[in-house]
Number of protein chains: 2
Amino acid sequence: MKPSVITIEPNGHFCSDCAVRASAVCSSLDPAELREFEHLGRRVHFSSGETVFSEEDITTSFYNVLEGVMRLYKLLPDGRRQIVGFALPGDFLGMNLSGRHNFSADAIGAVTVCQFAKAPFGRFIEDRPQLLRRINELAIRELGQARDHMVLLGRRSADEKLAAFLLGWRERLLALKAPSDTVPLPMSRQDIADYLGLTIETVSRTFTKLERHGAIEIIHGGISLLDPARVEALAAA
Amino acid sequence: MKPSVITIEPNGHFCSDCAVRASAVCSSLDPAELREFEHLGRRVHFSSGETVFSEEDITTSFYNVLEGVMRLYKLLPDGRRQIVGFALPGDFLGMNLSGRHNFSADAIGAVTVCQFAKAPFGRFIEDRPQLLRRINELAIRELGQARDHMVLLGRRSADEKLAAFLLGWRERLLALKAPSDTVPLPMSRQDIADYLGLTIETVSRTFTKLERHGAIEIIHGGISLLDPARVEALAAA
DNA sequence: CGTAAAATTGATATTTCTCAATGAGAGTGG
DNA sequence: CCACTCTCATTGAGAAATATCAATTTTACG
């Protein structure tokens, strides 16, 4: 939310040894293309709570998340907030039709992104259909996630919402880190509430309830999944 | 839900005078391409209530809606249903990454689709990046709609949900028909409830409430927007 | 017409929210 | 190093919104 103090790394970064090389949009590029692509992106750091872009801002850049977690959200005029997703390394942000962002994005903890100016990136895509195809794949994947989330928001109880969230979040982290029954939760309870369409109090009570039932243990900065099967049963599919 | 009795139109249909020519995926094709494309699609009719495809079915075709309205939905194992969207003429259905549909689609009233077998359609796209770009545009548009809908499901009251639905639905029809304060609602109250994350009783009561307040009039097969400004105020953004 | 399905309405139950108080952890300055 | 303060999280009590259950009423259809 503070004005963002941007650090632009001068040089010394190569796509070829980028952490998200294999999973991000750039996975569609061959080594030669990658060297050209390298000149388009700049690594930019954001610290905890900084806003990377805001809803309704004119889109000047696209972003590839390299490190950290971001919250993506929309606000109603009266301040109610709905988090529409959390972005993790490999996620590509900024695509839209209107020329304006249709949600806001903040860093949760320290974040590094690879930032591309819109125009040169657009030109680069122009004659690289396989990059376009990759972007399309990511969009379709997100659309699937969005639909799953609609089911959660519209048809699940508070218990089911939290259980499904914990499992889904663990699942996403699995693609990035070694599997573990310890699930780090870098976002606040309020973030979780705004993601699940609940209040912070309900989220807190539901955590406590899951813990009392022996399904999880609340630890510092996350939870420990004591009884994954039980949490899965609670998530009801 | 009944097994679908499919009628395949033999011939006599040309993309060039298709109703959705200007808005659908095919708007990206030039006349020469269009003649080739013509051989890929078949017009197929579905009658009210028929299922066009089901979640988890292996994707064998893509669909371009030509006429009518479809409900797109996901079911939880215990039968709870969330409608993730209504498809209208010009909408393109069936894209996914897994090779299986990730939602089900039923006809609401009579529906005509242009059906494309997956493999030949895939091959046709292969060397037509502008078609891919068009598909990507449609995906991004849907993603935006999905995010808006998450806000509705997670953060709006029943009154706001219904008001926002009526305005949004009117808006979508506006692109297809002449603007009118009479808003046809071909879907059932249950469909509306499952779209808004409410029960049918709450939807019914909220309609009645809007009518008592003079904001709308409930008419056969739809509503009349008596006081659009008031409904907009209720929708709260 | 008569029957079935859909929609409405009412009474009550339940879930989740709201408001309020308390507790715990992180960082700061004495 | 310790009080202080700030933010975040938890807990409790009561209120409100929406769901559930049940009964009509209306509409659709054979």
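Each chain gets a letter, A, B and so on, in the order the sequences are listed, and its residues count up from 1.
- If you measure from atom CD of A/Glu211 to atom C1' of D/dT11, you get 14 Å, rounded to the nearest angstrom.
- As rounded to whole Å, 9 Å separates atom P of C/dT18 from atom CZ of A/Arg80.
- Nucleotide D/dT10 holds its P atom 15 Å from the NZ atom of A/Lys209, rounded to whole Å.
- Residue contacts for B/Gly197: at a heavy-atom cut-off of 4.0 Å it reaches the sugar-phosphate backbone alone, with no base atom in range.
- Counting all heavy atoms, side chain and backbone alike, A/Trp169 lies closest to A/Pro184 at NE1-O, 2.8 Å.
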Atom pairs under 3.5 Å: protein N/O with N/O of nucleotides 7-14 of chain C:
{"residue": "C/dA7", "atom": "OP1", "partner": "B/Arg189", "partner atom": "N", "Å": "3.3"}
{"residue": "C/dA7", "atom": "OP2", "partner": "B/Arg189", "partner atom": "N", "Å": "3.3"}
{"residue": "C/dT8", "atom": "OP1", "partner": "B/Arg189", "partner atom": "NH2", "Å": "3.1"}
{"residue": "C/dT8", "atom": "OP2", "partner": "B/Arg189", "partner atom": "NE", "Å": "2.7"}
{"residue": "C/dT8", "atom": "OP2", "partner": "B/Ser204", "partner atom": "OG", "Å": "2.8"}
{"residue": "C/dT8", "atom": "O5'", "partner": "B/Ser204", "partner atom": "OG", "Å": "2.9"}
{"residue": "C/dT9", "atom": "OP2", "partner": "B/Thr208", "partner atom": "OG1", "Å": "2.5"}
{"residue": "C/dG10", "atom": "N7", "partner": "B/Arg205", "partner atom": "NH1", "Å": "2.7"}
{"residue": "C/dG10", "atom": "O6", "partner": "B/Arg205", "partner atom": "NH2", "Å": "3.3"}
{"residue": "C/dA11", "atom": "N6", "partner": "B/Arg205", "partner atom": "NH2", "Å": "3.4"}

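- With B/Glu217 contributing its side chain and B/Ser224 its backbone, the two residues share no donor-acceptor pair below 3.5 Å.
- Per the geometry, CD1 belonging to A/Ile223 stands 16 Å off C1' belonging to D/dA9, to the nearest Å.
- Nearest heavy atoms, A/Leu66 versus A/Cys114: CG-N, 3.8 Å.
- Scanning all heavy atoms of the two residues, the minimum distance from B/Arg155 to A/Ala193 falls at NH2-O, 3.2 Å.
- A/Lys161 has its NZ atom 8 Å from the P atom of C/dT16, to the nearest Å.
- Rounded to whole Å, the distance from CD1 on A/Ile108 to P on D/dC8 is 13 Å.
- No donor-acceptor pair under 3.5 Å is formed between the side chain of B/Asp91 and the backbone N or O of B/Leu93.
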Please write out the pairs of protein N or O atoms and N or O atoms of nucleotides 26-28 of chain D separated by less than 3.5 Å, giving the distance to one decimal.
{"residue": "D/dA28", "atom": "OP1", "partner": "B/His220", "partner atom": "ND1", "Å": "3.4"}
{"residue": "D/dA28", "atom": "OP1", "partner": "B/His220", "partner atom": "NE2", "Å": "3.2"}

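- The residues B/Glu142 and A/Arg147 are annotated as salt-bridged, a charged nitrogen and a carboxylate oxygen being separated by less than 4.0 angstrom.
- Across all non-hydrogen atoms, the minimal contact from B/Gly214 to B/Leu226 is O-CB, 3.5 Å.
- Rounded to whole Å, the distance from CG on B/Leu185 to P on C/dA6 is 16 Å.
- At least one donor-acceptor pair closer than 3.5 Å links the side chain of B/Gln82 to the backbone N or O of B/Asp194.
- Between A/Tyr195 and A/Tyr73, a ring centre-to-centre spacing not shorter than 6.0 Å is recorded.
- In this structure, B/Arg156 places its CZ atom 23 Å from P of D/dA16, rounding to the nearest Å.
- Panel note: side chain A/Lys74, backbone A/Asn102; a donor-acceptor pair is recorded below 3.5 Å.
- The aromatic rings of B/Phe103 and B/Phe53 are tilted relative to each other, their planes meeting at an angle between 30° and 60°.
- Inter-axis angle, ends of the helix from C/dC1-D/dG30 to C/dG30-D/dC1, five pairs per end, rounded to 10 degrees: 40°.
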